[in-house]
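Everything below concerns the one structure shown next.
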Amino acid sequence: MAAPPVLRIPTPGFAGYSVSYNPFFPGKLACASSSNFGLVGNGRLHVIDVDLQSGRGGVGKTFDTQDGIFDLAWSELHENQIATGGGDGSVKLWDVMLKDFPLQSWVEHTREVFSVDWNNIRKEIFASSSWDTLIKIWSP
């Protein structure tokens with residue numbers, strides 16, 4: 001029998017699509033989510049703080065978008081930056097220390113972006129893939 005989860009963190013009204021730990025801070029993670037199961041509605045990037053020793057954690061900060069967010073990846077070069085892929089074909093670069101808006105936003109895909117990932121060697125580069133059948137390489 002599997003052990004129960006150590007901690008449960010709700011994201012009311014938003015279904016999580018992707019979750020990732022920050023490579024610099026073991027107690028910080030992020031969740032890409034969408035309302036209405038990604039069919040219609042807004043997205044939300046949740047930045048979550050956890051303390052496994054105390055068993056406490058919660059959403060520390062959120063960033064809202066006009067369409068669902070389906071994937072995210074923390075930068076391994078900049079400790080506070082996250083790339084996200086959205087249902088409107090957008091790729092966004094966020095700094096979690098800033099308020100409300102992304103550092104950059106590109107609408108280069110013509111369909112939903114379902115995957116983003118940073119290059120493990122050349123850490124300033126990331127890729128996105130979409131239902132438009134294209135993979136795009138980014139160097140912000």
Side-chain angles (χ1 to χ4, degrees):
M1 188 154 118
V6 176
L7 187 60
R8 293 180 180 170
I9 300 165
T11 57
F14 289 85
Y17 279 88
S18 178
V19 66
S20 180
Y21 275 97
N22 183 307
F24 295 94
F25 305 110
K28 188 173 290 291
L29 63 149
C31 177
S33 67
S34 178
S35 62
N36 302 308
F37 305 101
L39 299 174
V40 293
N42 299 334
R44 182 170 287 165
L45 173 62
H46 307 264
V47 181
I48 302 163
D49 296 305
V50 297
D51 181 353
L52 294 179
Q53 289 185 343
S54 70
R56 294 184 183 168
V59 176
K61 201 169 198 180
T62 60
F63 299 91
D64 289 338
T65 62
Q66 292 183 350
D67 211 322
I69 302 175
F70 297 117
D71 197 22
L72 66 90
W74 286 95
S75 169
E76 292 188 22
L77 188 61
H78 301 288
E79 62 193 29
N80 295 313
Q81 291 185 358
I82 301 173
T84 62
D88 58 358
S90 70
V91 175
K92 297 182 189 308
L93 181 63
W94 304 86
D95 186 316
V96 299
M97 299 307 289
L98 300 178
K99 289 185 176 186
D100 299 328
F101 301 106
L103 288 172
Q104 289 187 286
S105 181
W106 304 273
V107 183
E108 296 290 330
H109 285 286
T110 58
R111 300 282 309 271
E112 294 88 338
V113 177
F114 272 94
S115 182
V116 292
D117 195 26
W118 289 91
N119 186 304
N120 291 329
I121 306 300
R122 295 200 47 210
K123 298 178 185 294
E124 73 279 4
I125 295 173
F126 69 92
S128 62
S129 64
S130 168
W131 279 9
D132 64 8
T133 70
L134 293 172
I135 297 169
K136 298 194 176 190
I137 309 299
W138 306 86
S139 181

For Asn42 and Thr65, the nearest pair of non-hydrogen atoms, with its separation, is CB-O, 3.2 Å
Quick one: do the Ser18 and Asp71 side chains pair a donor with an acceptor below 3.5 Å? yes
Value rounded to 0.5 Å, distance of CZ in Arg111 from CG in Asp88: 13.0 Å
When rounded to the nearest 0.5 angstrom, what is the spacing between NZ in Lys92 and CG in Leu103? 12.0 Å
Within 6.0 Å of CZ in Phe101, more than 12 heavy atoms from elsewhere: no
Where do Ile137 and Ala127 come nearest, in terms of heavy atoms and distance? CD1-CB, 3.8 Å
Assign the ring pair Trp131 / Phe114 to parallel, tilted or perpendicular, where the plane angle (0 to 90°) is split at 30° and 60°. parallel
Just do the side-chain contact (heavy atoms from CB on, under 4.5 Å) check on Val91 and His109 with the steps written out, would you? CA-CA 8 Å; Val91 175; His109 285 286; 4.1 Å; yes
Note: Phe14 and Ser33 closest approach over all heavy atoms is CB-OG, 3.4 Å
Determine whether Val116 and Thr84 make a side-chain contact, defined as any pair of heavy atoms from C-beta on separated by less than 4.5 Å. no
Establish whether Val59 and Leu29 are linked, either directly or via other cluster members, by ILVMFWY side-chain heavy-atom contacts under 4.5 Å. yes
Report whether Leu77 and Ile82 are members of the same hydrophobic cluster (ILVMFWY, side-chain heavy atoms less than 4.5 Å apart, transitive linking). no
So, for Tyr17 and Ser34, which heavy atoms are closest and what is the spacing to 0.1 Å? CE1-CB, 3.6 Å
Counting only heavy atoms not in Glu124 (residues, nucleotides, ligands), do more than 12 fall under 6.0 Å from its CD? yes
Is it true that atom CD1 of Ile135 has more than 12 heavy atoms of other residues, nucleotides or ligands lying nearer than 6.0 Å? no
Heavy-atom closest pair, residues Arg44 and Ile69: C-CD1, 3.8 Å
Common cluster, Val19/Ile48, ILVMFWY with side-chain heavy-atom separation under 4.5 Å: yes
Would Lys28 and Trp74 count as a side-chain contact (heavy atoms from CB on, under 4.5 Å) here? Give the steps. CA-CA 11 Å; Lys28 188 173 290 291; Trp74 286 95; 4.0 Å; yes
Let me confirm one number: the NE2-OG1 distance from His46 to Thr11, rounded to the nearest 0.5 Å. 4.5 Å
Would you compute the distance between atom CG of Asp100 and atom CG of Asp64 and round it to the nearest 0.5 angstrom? 9.0 Å
Side-chain heavy-atom pair Val107, Ser90 within 4.5 angstrom cut-off: yes
Which atom of Phe24 lies closest to which atom of Ser75, heavy atoms considered: CE1-O, 3.6 Å
Give, for atom CD1 of Ile125 and atom CG of Asn119, the distance between the pair rounded to the nearest 0.5 Å. 5.5 Å
Gap between atom CG of Leu45 and atom CG of Leu72 - 0.5 Å precision: 6.5 Å
How are the rings of Trp138 and Trp106 set relative to one another: parallel (under 30°), tilted (30 to 60°) or perpendicular (over 60°)? tilted
